[in-house]
Every structure is written in structure tokens, then in C-alpha cells.
Asker: 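After the C-alpha cells below, expect a handful of questions from me.
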Amino acid sequence: MVVIGPNGLGKTMLAKNLTHQAILHGHTARFTLASDLLHDLAAQDSSTALARRLRRYTRPTVLAIDEVGYLSYDARYADLLFEVITRRYPHRPVILTTNKPFGEWNQVFPNAACVVTLVDRLLHRAEILALEGKSYRLKEAQERAARKAKSRATLKRKGSLLP
């Protein structure tokens, strides 16, 4: 499953809830930020250590990778994500959240030769959930600011009535 949409619409919450439901139904699952996964894999100093660490992300029944597209990565990181997706494909599901349309993934992984194939494997038989709307966090911040302004105006009026 790929959840795509702008910031603040609940992509992370959806991914966490789906991961939680998988666990409640007896499956193994791992939730990780894309940056944590990629930095973790890139930090491995030998092919043996990398193979062992890849199992951490390929073994669980469900893997949720959050926030692909928020940061840019070099080709090595693209290759590492490609390796995780390829090892899971097509037998184990991936839940992936992104704020970037797939046509912009070449900006996330500039100069990476594997991006087209990576996207192709992610999309093959995937459910795409495209979210649209305004950020819940922005909406809440605006509502909070309006309540504070109203409260200040009320206090100011009450203060002007005092002798």
C-alpha cells in the first residue's frame, strides 16, 4: 500500500494503525522512518553486516516505511531502498507513505539508476491511497490562534469596563 499526499493529512497515523492491526492479527511488523531505515543500512561496514541488517527489514510480515520524499538521498540510499523492496517483492507487503508523486522521486533520489524499477515494484499490485486536503496541524494551529485572539479581545473588553 502506498499512501500519498501533502503534509498533515494523517499518512503516518494511517501507516501506524495498519501496522498495529497487523500485529493484533498475529503478524510480525516493523514501522520505520525512511531516513532511519536508510541511515541504518548505510552505516553497516561489511557485506555480512549489511545482509544481517537487511533481514531486520525483510523478515517481518509487514513493513511500514514512513516519510519517503521528505529528504533527498544519494544513489547509494536509493540502492538500499531498492534492495529492501526487491527482497520483499512480491511476497511481503510494504506500507509506504510519501508526500511526493512518483514522477518526482528522481528529486528524492537524484542520479539513481534504480528509481524507475523501484517505483515499478512498489506500484505493481499496490493499493494507492491518495489523500487530499488541508493539513490538520495547520487547521488546528489556526483554530488555536483564533481562540486566543477571541480570548484576548474578551479580556480587553472586560478590562476597558473596569473603573
Side-chain angles (χ1 to χ4, degrees), residues 1-44 47 49-143:
M1 168 178 263
V2 177
V3 184
I4 185 167
N7 300 334
L9 295 185
K11 297 181 300 293
T12 298
M13 182 183 65
L14 286 169
K16 284 182 175 181
N17 286 339
L18 289 168
T19 304
H20 182 74
Q21 285 300 312
I23 292 167
L24 291 177
H25 285 87
H27 300 283
T28 58
R30 178 175 295 277
F31 178 92
T32 184
L33 295 174
S35 59
D36 291 345
L37 176 142
L38 295 172
H39 292 308
D40 182 30
L41 293 175
Q44 303 310 304
S47 59
L50 178 59
R52 192 171 34 252
R53 193 53 57 106
L54 278 166
R55 283 193 292 277
R56 172 184 282 186
Y57 301 105
T58 58
R59 190 174 289 158
T61 306
V62 176
L63 175 65
I65 305 172
D66 192 33
E67 297 186 347
V68 175
Y70 287 86
L71 302 173
S72 292
Y73 302 98
D74 64 22
R76 171 150 166 67
Y77 287 91
D79 293 343
L80 291 168
L81 182 58
F82 176 79
E83 189 67 31
V84 170
I85 299 302
T86 297
R87 288 179 183 218
R88 296 186 64 80
Y89 173 83
H91 307 293
R92 295 187 182 255
V94 172
I95 301 165
L96 186 136
T97 70
T98 182
N99 64 330
K100 298 275 189 203
F102 291 109
E104 295 178 16
W105 275 38
N106 58 345
Q107 297 168 12
V108 178
F109 300 106
N111 305 316
C114 67
V115 171
V116 172
T117 306
L118 172 64
V119 169
D120 183 62
R121 290 197 180 153
L122 279 171
L123 293 179
H124 185 231
R125 295 187 293 160
E127 293 289 330
I128 308 296
L129 178 58
L131 303 179
E132 295 178 5
K134 294 183 180 178
S135 168
Y136 291 116
R137 288 186 293 267
L138 177 59
K139 179 183 174 211
E140 287 175 1
Q142 289 170 338
E143 289 171 352

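The residues of the chain are indexed from 1 along the displayed sequence. Reckoned from all heavy atoms, side chains included, excluding hydrogens, waters and symmetry mates.
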Asker: Specify the closest pair of heavy atoms between Ala64 and Thr19, including all atoms of both residues, with the distance to one decimal.
Answerer: CB-OG1, 3.3 Å

Asker: Under the 3.5 angstrom rule, does the side chain of Arg88 hit a backbone N or O of Pro93 as a donor-acceptor pair?
Answerer: yes

Asker: Might you point out which heavy atoms bring Gln107 and Lys100 nearest each other, and give the distance in Å?
Answerer: OE1-NZ, 4.3 Å

Asker: Looking at Thr28 and Thr61, would you say the former's side chain and the latter's main chain have a donor-acceptor pair under 3.5 Å?
Answerer: yes

Asker: Taking the side chain as every heavy atom from C-beta outward, state whether Arg56 and Asp40 have any atom pair closer than 4.5 Å.
Answerer: yes

Asker: For residues Val115 and Phe109, report the shortest heavy-atom separation together with the two atoms involved.
Answerer: CG2-CB, 3.6 Å

Asker: Using a cut-off of 6.0 Å, state whether more than 12 heavy atoms not belonging to Glu132 lie near its atom CD.
Answerer: no

Asker: What I'd like to find out is whether the side chain of Tyr73 reaches to under 4.5 Å of the side chain of Leu80, using heavy atoms alone.
Answerer: no

Asker: Would you say Thr98 and Tyr70 make side-chain contact, with heavy atoms under 4.5 Å?
Answerer: no

Asker: Among all residues two or more places apart in sequence or in another chain, which pass the ring-ring contact (aromatic ring centres under 6.0 Å, His included) test with Tyr89?
Answerer: His124

Asker: Using distance alone, with no hydrogens and no angle criterion, decide if Thr12 and Asp66 have a side-chain donor and acceptor under 3.5 Å apart.
Answerer: yes

Asker: Any chance you could lay out the side-chain contact (heavy atoms from CB on, under 4.5 Å) test for Met1 and Val94, step after step, and finish with the verdict?
Answerer: CA-CA 6 Å; Met1 168 178 263; Val94 172; over 6 Å; no

Asker: Run through Ile85, Val84, Asp79 and flag the one making a side chain to side chain contact (heavy atoms under 4.5 Å, CB included) with Leu118.
Answerer: Ile85

Asker: Identify the two heavy atoms, one from Gln44 and one from Arg76, that lie closest to each other, and give their separation to 0.1 Å.
Answerer: O-NH2, 4.4 Å

Asker: Let me check something: any side-chain donor-acceptor pairs from residues 31-38 under 3.5 Å, sequence neighbours excluded? List them with distances.
Answerer:
none

Asker: I need the minimum non-hydrogen distance between Ala29 and Ile23, along with the two atoms involved.
Answerer: CB-CG1, 3.8 Å

Asker: Can you tell me which residue among Ile65, Leu18, Val2, Leu129 is in a side chain to side chain contact (heavy atoms under 4.5 Å, CB included) with Ile95?
Answerer: Leu18

Asker: Do other residues, nucleotides or ligands put more than 12 heavy atoms under 6.0 Å from His20 NE2?
Answerer: no

Asker: Side-chain contact, heavy-atom cut-off 4.5 Å: Leu131 with Ile4?
Answerer: no

Asker: For the pair Lys11 (side chain) and Glu67 (backbone), establish whether a donor and an acceptor sit closer than 3.5 Å, ignoring hydrogens and angles.
Answerer: no

Asker: Using the rule given for side-chain contact (heavy atoms from CB on, under 4.5 Å), can you reason through Val3 versus Leu96, listing the C-alpha separation, both sets of side-chain angles and the distance that settles it, and then say yes or no?
Answerer: CA-CA 6 Å; Val3 184; Leu96 186 136; over 6 Å; no

Asker: Verify side-chain contact (heavy atoms from CB on, under 4.5 Å) between His25 and Gln21, making sure each step is shown before the conclusion.
Answerer: CA-CA 6 Å; His25 285 87; Gln21 285 300 312; 3.4 Å; yes

Asker: Might you work through the side-chain hydrogen bond (donor to acceptor under 3.5 Å, both in side chains) test for Thr58 and Arg92, ending with a clear yes or no?
Answerer: CA-CA 8 Å; Thr58 58; Arg92 295 187 182 255; over 6 Å; no

Asker: Considering non-hydrogen atoms only, spot the tightest contact between Ala78 and Ala112 and give its length.
Answerer: CB-CB, 3.4 Å

Asker: Going by heavy atoms in the side chains, are Arg87 and Tyr57 under 4.5 Å from each other?
Answerer: no

Asker: Nearest 0.5 Å, please: how far is CG in Asp120 from SG in Cys114?
Answerer: 12.0 Å

